[in-house]
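Along the sequence shown, the residues carry numbers beginning at 1. Every heavy atom of this structure was used, including side-chain atoms; hydrogens, water molecules and symmetry mates were not.
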Amino acid sequence: MNRTKTYLSKTVEELKPSGIRRFFDLAAGMEGVISLGVGEPDFVTPWSVREAAILSLEQGYTSYTANAGLMELREEIASYMQKSFGVSYSAQKEITVTVGASQALDIALRAILDPGDEVIVVEPSFVSYVPLVALAGGVPVQVQTLKEFGFKIQPEQLEKAITGRTKAIMLCSPNNPTGTMLSKSELENIAKIAEKNDLLVLSDEIYAELAYEGEYTSFAAISGMRKRTILISGFSKGFAMTGWRLGFVCAPEAISQAMLKIHQYAMMCAPTMAQFAALEALKTGRTEVEEMKKSYRRRRNYFVQSLNDLGLTCHVPGGAFYAFPSIESTGFSSEEFAEKLLLAEKVAVVPGNIFGESGEGHVRCSYATSMEQLQEAIKRIGRFLERSQKA
């Protein structure tokens with residue numbers, strides 16, 4: 001008997017499509033929707049940054065750059081990392097400019113993993129972490145954090161998850177989707193475990209510019225951790241440059257050069273005009289970043305308090321621009337709540353279970369929208385809850 005031949009990778013066949021996308025598609029077909037689902041700033045990229053990209057085109061800078069990125073940009077990134085976070089990297093050998101932080105994560109995992117190597121993924125986690133580990137041939141080991149601890153990983157949880165195949169720990173602070181930010185002492189506890197078990201740490205610091213409570217600590221700045229850290233960051237969130245698709249990765253030379261080899265073959269280089277824009281953002285954009293952060297903080301304070309007033313228990317996020325309220329009191333699952341809210345009141349949120357099992361019973365709400373939209377969203381959520389209780 002002839003069998004139909006499949007040409008697809010089994011790994012790819014087994015990957016689930018992004019759960020976020022389904023709700024975006026539902027919302028896209030409806031008028032009057034308030035979207036609290038999109039994980040991007042509502043600010044336009046500062047004009048000086050856009051102007052720098054336009055000028056680069058006018059001056060004819062349309063060729064490839066060096067594979068690792070414009071040297072001037074890498075030098076500026078090195079200066080930024082030193083001044084902002086106290087971590088020193090070689091622009092020549094330890095920094096690669098990538099097509100967003102997502103590509104940086106991809107090449108980092110492919111550079112360090114052999115088939116069967118395990119990566120501890122602290123969840124709730126961004127939707128791409130587990131698939132990217134699998135695509136790199138690794139085995140994702142998901143460790144669930146608890147709302148009782150503010151979704152902060154506990155050292156004993158990490159210890160329990162480590163096996164002889166564990167290669168790395170993947171962290172995101174401030175976290176997407178919870179907004180949780182780890183303190184220096186909490187990072188130090190993780191560092192001790194990494195040192196004890198000879199592990200790498202992939203630290204996604206894309207939201208570092210959007211830290212509201214206390215001083216932000218880069219994992220690479222923890223004593224002894226620079227040699228173990230692959231630091232992922234970029235310009236999308238803090239600098240309001242999501243569509244530019246520009247990120248960077250900093251790592252010890254041997255790891256950095258391994259990633260660069262993959263980047264050379266898979267991508268050649270990041271877009272040239274976006275690199276010139278990022279250079280301008282680092283040179284002159286910090287004032288506007290601070291203004292954005294102040295606005296996010298005001299919105300956070302209003303939105304989180306309002307959710308709690310409605311009975312949707314929500315911890316105060318330390319960074320990023322997400323609230324992660326519990327909807328357990330409604331009796332709905334995360335997906336039921338999100339779908340019913342969208343259909344009944346045209347408010348789009350993201351089900352928490354999309355970010356891992358520990359996200360069930362919660363929804364992710366982005367407060368990166370106007371205060372007027374947030375106020376209207378709260379009114380609609382309140383009406384939805386009232387009708388749900390009566391039903």
Side-chain angles (χ1 to χ4, degrees), residues 16 18-27 30 32-39 122-127 130 142-153 172 174-181 296 299-369 371 373-391:
K16 296 178 181 179
S18 170
I20 294 178
R21 184 51 51 191
R22 183 170 84 84
F23 281 87
F24 285 173
D25 291 343
L26 274 174
M30 301 171 66
V33 171
I34 295 177
S35 179
L36 306 180
V38 181
V122 177
E123 67 160 63
S125 65
F126 182 54
V127 294
V130 167
Q142 292 160 272
V143 179
Q144 300 181 14
T145 57
L146 302 173
K147 65 179 180 181
E148 290 78 7
F149 296 112
F151 295 103
K152 293 185 175 185
I153 189 68
C172 179
N175 180 268
N176 176 6
T178 66
T180 294
M181 188 172 80
Y296 289 139
R299 299 182 214 179
R300 177 203 65 171
N301 293 344
Y302 163 76
F303 192 65
V304 171
Q305 182 62 55
S306 298
L307 288 172
N308 280 301
D309 290 344
L310 290 176
L312 300 181
T313 306
C314 185
H315 74 280
V316 178
F321 37 59
Y322 306 110
F324 203 61
S326 169
I327 50 88
E328 292 174 342
S329 61
T330 67
F332 296 131
S333 70
S334 293
E335 294 211 16
E336 287 172 338
F337 182 93
E339 191 161 333
K340 289 178 183 294
L341 177 62
L342 178 61
L343 295 176
E345 288 290 349
K346 295 186 177 180
V347 176
V349 298
V350 181
N353 65 308
I354 286 171
F355 306 100
E357 289 183 18
S358 58
E360 179 54 64
H362 297 77
V363 291
R364 189 191 78 174
C365 307
S366 170
Y367 49 84
T369 189
M371 186 64 82
Q373 289 280 78
L374 291 175
Q375 290 168 341
E376 178 62 25
I378 288 294
K379 289 180 184 178
R380 296 185 187 186
I381 294 170
R383 284 200 304 260
F384 172 72
L385 293 174
E386 284 182 14
R387 284 201 300 271
S388 298
Q389 289 167 357
K390 290 177 183 178

What I'd like to find out is whether the side chain of [X] reaches to under 4.5 Å of the side chain of [Y], using heavy atoms alone.
X    : Y    : value
T313 : N308 : yes
S125 : F355 : no
N175 : V122 : no
T178 : H362 : no
K152 : H315 : no

Rounded at 0.5 Å granularity, tell me how far [atom1] in [X] sits from [atom2] in [Y].
X    : Y    : atom1 : atom2 : answer
I378 : D309 : CD1   : CG    : 8.5 Å
L341 : I327 : CG    : CD1   : 10.5 Å
E123 : I153 : CD    : CD1   : 9.5 Å
R383 : E345 : CZ    : CD    : 4.0 Å
K346 : M30  : NZ    : CE    : 5.5 Å
I381 : I34  : CD1   : CD1   : 8.5 Å

Can you name the nearest heavy-atom pair linking [X] to [Y], along with the distance?
X    : Y    : value
P124 : T145 : CD-OG1, 3.2 Å
S388 : F332 : OG-CE1, 3.7 Å
P174 : G179 : CB-O, 4.4 Å

Check for a donor-acceptor pair, side chain of S366 on one end and backbone N or O of V38 on the other, with a separation under 3.5 Å.
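Yes: the side chain of S366 pairs with the backbone of V38.
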Sub-3.5 Å donor-acceptor pair from the side chain of E360 to the main-chain atoms of S334, do we have one?
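Checking the backbone N and O of S334 against the side chain of E360, a donor-acceptor pair under 3.5 Å is found.
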The single option from P325, S306, C365 passing side chain to side chain contact (heavy atoms under 4.5 Å, CB included) against L312:
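When side chain to side chain contact (heavy atoms under 4.5 Å, CB included) is applied between L312 and each of P325, S306, C365, only P325 qualifies.
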In terms of relative ring orientation, are F337 and F384 parallel, tilted or perpendicular, with 30° and 60° separating the classes?
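Perpendicular, since the angle between the ring planes exceeds 60°.
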Please verify the inter-ring angle class for F321 with Y296; under 30° counts as parallel, over 60° as perpendicular, anything in between as tilted.
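Judged by the thresholds at 30° and 60°, the geometry between F321 and Y296 is tilted.
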side-chain hydrogen bond (donor to acceptor under 3.5 Å, both in side chains), that's the test. Do Q305 and N301 meet it? Break it down for me.
CA-CA 6 Å; Q305 182 62 55; N301 293 344; over 6 Å; no
More than 12 heavy atoms of other residues, nucleotides or ligands under 6.0 Å from CD of E336: is that the case?
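For E336, atom CD is crowded (more than 12 foreign heavy atoms under 6.0 Å).
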Counterpart residues, side chain to side chain contact (heavy atoms under 4.5 Å, CB included), relative to P317 (two or more places apart)
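Checked P317 against side chain to side chain contact (heavy atoms under 4.5 Å, CB included); matches are R300, V304, Y367.
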Quick one: list whatever passes side chain to side chain contact (heavy atoms under 4.5 Å, CB included) with F126, sequence neighbours left out.
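F126 satisfies side chain to side chain contact (heavy atoms under 4.5 Å, CB included) with S128, Y129, N176 once adjacent residues are dropped.
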